[in-house]
Trainee: 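Got a structure here, written out as structure tokens. Questions coming.
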Amino acid sequence: MFLIGLTDSLVEGKWVYASSMLPVQNTDWNHGEPNNSGNEDCVDIEPSTGKWADIPCNRRSKFICEKPF
């Protein structure tokens, strides 16, 4: 799984890009997600399915970096 730089840590349920705080326009949540089970304020992506899940921000995970244009 890979962190993709999204968070709702400021307002629960309002997902934004952590680097810019801009709102997320398109989502691809896995069924039943986001569910905020256990204070999950970050998002990871499952490489085999491309689907998202909210996870605790302190979970160790690989991450995907944003490349500036």
Trainee: For Asp41, which of Ile55, Asp54, Asn36 qualifies under side-chain contact (heavy atoms from CB on, under 4.5 Å)?
Mentor: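 For Asp41, the side-chain contact (heavy atoms from CB on, under 4.5 Å) check succeeds only for Asn36.
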Trainee: Treat each ILVMFWY residue as a node, draw an edge where side-chain heavy atoms are under 4.5 Å apart, and state whether Leu10 and Val16 are in one component.
Mentor: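 Same cluster: Leu10 reaches Val16 through Ile, Leu, Val, Met, Phe, Trp or Tyr contacts under 4.5 Å.
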Trainee: Hey, are Asp8 and Lys14 close enough for a salt bridge, meaning a charged N less than 4.0 Å from a carboxylate O?
Mentor: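 No, this pair does not count.
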Trainee: Measure centre to centre between the rings of Trp52 and Trp15, then say whether the value is under 6.0 Å.
Mentor: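 Not under 6.0 Å, so no.
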Trainee: Heavy atoms only: give me the nearest Pro56-Gly38 pair and the separation to one decimal.
Mentor: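 Looks like CG-O, 4.4 Å.
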Trainee: Would you compute the distance between atom OG1 of Thr27 and atom NZ of Lys51 and round it to the nearest 0.5 angstrom?
Mentor: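 Going from the OG1 atom of Thr27 to the NZ atom of Lys51 covers 9.0 Å.
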Trainee: Roughly how far apart are Asp28 CG and Thr49 OG1, rounded to 0.5 Å?
Mentor: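 OG1 of Thr49 is found 8.0 Å from CG of Asp28.
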Trainee: Do Phe2 and Val24 share a hydrophobic cluster (ILVMFWY, side-chain heavy atoms under 4.5 Å, transitive)?
Mentor: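 Yes, because Phe2 and Val24 connect within a single hydrophobic cluster, where side-chain heavy atoms sit under 4.5 Å apart.
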Trainee: Which distance, rounded to the nearest 0.5 Å, do you find between the OG of Ser61 and the CD1 of Ile4?
Mentor: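 That separation rounds to 10.5 Å.
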Trainee: Working to the nearest 0.5 Å, report the span between CD of Glu33 and CD of Glu40.
Mentor: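 Between Glu33 CD and Glu40 CD, I get 6.5 Å after rounding to 0.5 Å.
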Trainee: Tell me every residue that passes side chain to side chain donor-acceptor pair (under 3.5 Å) with Asn58, counting only those two or more places apart in sequence or in another chain.
Mentor: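 Asn58 satisfies side chain to side chain donor-acceptor pair (under 3.5 Å) with no other residue.
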